[in-house]
Amino acid sequence: MSLAEITARIRKAEAAAGRPEGATRLIAVSKVQPADRVEAVLQQGHRLFGENRVQEAQERWPAFQERFDGVELHLLGPLQTNKVKPAFDMFDAIHSLDREKLARKLAELAQAEGRCPALFVQVNTGEEPQKAGVLPEAVDAFVGLCRMLDLPLAGLMCIPPVEEEPMLHFALLRKMAERNGLSGLSMGMSADFEKAVAMGATHVRVGSAIFGARDYGAAG
Ligand SMILES: *Cc1c(COP(=O)(O)O)cnc(C)c1O
């Protein structure tokens, strides 16, 4: 699918849901993709990209950012505490805030630097043991902690279990965001972004539908 096609489908899903045009932002997830595919999307004028790993982003983006103005980078993958500083410096938003230690570390940096990336709290809506994210029953308290630390919370993020109907998870995430007064909803990927738009996503994270399948073998 082309970038234009994905964008058209998002606009259509917004209209169908009675949402304003442009209410959903498209994060092009460029992790593991070859540079020429990423460059093609930059050439088409797209500027909002998501990466999963700090190191991969560091290797790739500074060179692109010298050639393309206005690039906005979001970190989508798990953030180790020892990578917080480079992530803080490089990303405009972090979608994987999921534990107290990370929140405290981010707050320290925010105090020291007088700024902070926009933050999404990742919620493990499916309560999957292998998956990152705050458990649903702990979300309200965790949001409270982040607010106590003066962190700029943009909203909530989830990755639904692959085997389950994503709508249920999107609805749950939305309910949790609403009751916590959070407007941002980072949800929806290649397979289900239109459903996420229907449920109120403000950010959809679409990788393979834009760039093609990821070849982890070639990436090493
Ligand atoms: C890889 C990834 C995506 C994009 O997945 P696709 O299925 O390729 O669209 C979105 N969000 C996160 C957190 C990811 O790791």
Side-chain angles (χ1 to χ4, degrees), residues 1-10 13 24-35 37-38 40-41 44 46-61 72-80 83 87 90-99 102 117-128 130-134 154-167 169-170 172-174 177 184-220:
M1 239 180 292
S2 69
L3 180 70
E5 245 175 295
I6 306 266
T7 305
R9 283 171 58 176
I10 291 172
T24 314
R25 299 187 71 204
L26 170 61
I27 303 173
V29 183
S30 49
K31 65 177 183 202
V32 191
Q33 298 289 353
R37 290 191 198 168
V38 180
V41 170
Q44 291 167 67
H46 195 76
R47 289 294 180 268
L48 175 54
F49 291 84
E51 287 284 348
N52 258 42
R53 298 177 53 231
V54 176
Q55 192 184 331
E56 190 183 345
Q58 283 174 317
E59 286 164 7
R60 148 178 291 169
W61 281 98
E72 187 179 331
L73 288 180
H74 289 204
L75 179 67
L76 310 178
L79 179 53
Q80 306 305 320
K83 291 279 172 67
M90 163 151 230
F91 290 98
D92 299 290
I94 295 172
H95 292 235
S96 49
L97 172 53
D98 64 350
R99 59 196 191 279
L102 186 52
L119 301 172
F120 291 82
V121 172
Q122 183 172 351
V123 184
N124 187 354
T125 56
E127 306 187 29
E128 297 172 277
Q130 81 286 6
K131 201 167 264 177
V134 178
L156 303 180
M157 176 272 219
C158 77
I159 308 172
V162 272
E163 307 284 303
E164 289 180 28
E165 170 53 50
M167 274 297 213
H169 295 271
F170 298 157
L172 175 64
L173 196 72
R174 175 179 173 156
L185 286 171
S186 167
M187 57 191 196
M189 315 194 341
S190 290
D192 53 23
F193 67 89
E194 286 156 306
K195 288 179 176 178
V197 173
M199 265 303 158
T202 57
H203 295 70
V204 291
R205 312 177 307 264
V206 180
S208 42
I210 296 175
F211 296 103
R214 285 180 290 275
D215 183 353
Y216 285 96

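Side chains included, hydrogens not; waters and symmetry mates left out as well; all remaining heavy atoms used. Counting starts at 1 for both ligands and their atoms, following the listed order. The first residue of the sequence shown is numbered 1, and numbering continues consecutively from there.
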Please report the shortest heavy-atom distance between S190 and V206, naming the atom on each side. OG-CG1, 3.6 Å
Hey, which atoms in ligand 1 end up nearer than 4.0 Å to a heavy atom of I159? 13 (C)
For V206, take its heavy atoms, then give the atoms of ligand 1 lying under 4.0 Å from any of them. 9 (O)
Are the side chain of H169 and the backbone of M187 linked by a donor-acceptor contact shorter than 3.5 Å? no
Could you verify whether a donor N or O on one side chain and an acceptor N or O on the other, from R205 and S186, lie under 3.5 Å apart? yes
If you count the atoms of ligand 1 from 1 in the order shown, which ones are under 4.0 Å from a heavy atom of N52? 14 (C), 15 (O)
Minimal heavy-atom distance between L75 and F91, with the atoms involved, is N-CD2, 3.3 Å
So which heavy atom in the protein is nearest atom 9 (O) of ligand 1, and how far is it from that ligand atom? S190 OG, 2.5 Å
Winner among E51, R205, M189, K31 once heavy atoms are compared against atom 2 (C) of ligand 1: K31
Taking the six-membered ring for Trp, are H203 and H95 parallel (under 30°), tilted (30 to 60°) or perpendicular (over 60°)? perpendicular
What part of R214, side chain, backbone, both or neither, has a heavy atom within less than 4.0 angstrom of ligand 1? side chain
Show which atoms of ligand 1 fall inside a sub-4.0 Å distance from at least one heavy-atom site of G207. 4 (C), 6 (P), 8 (O), 9 (O)
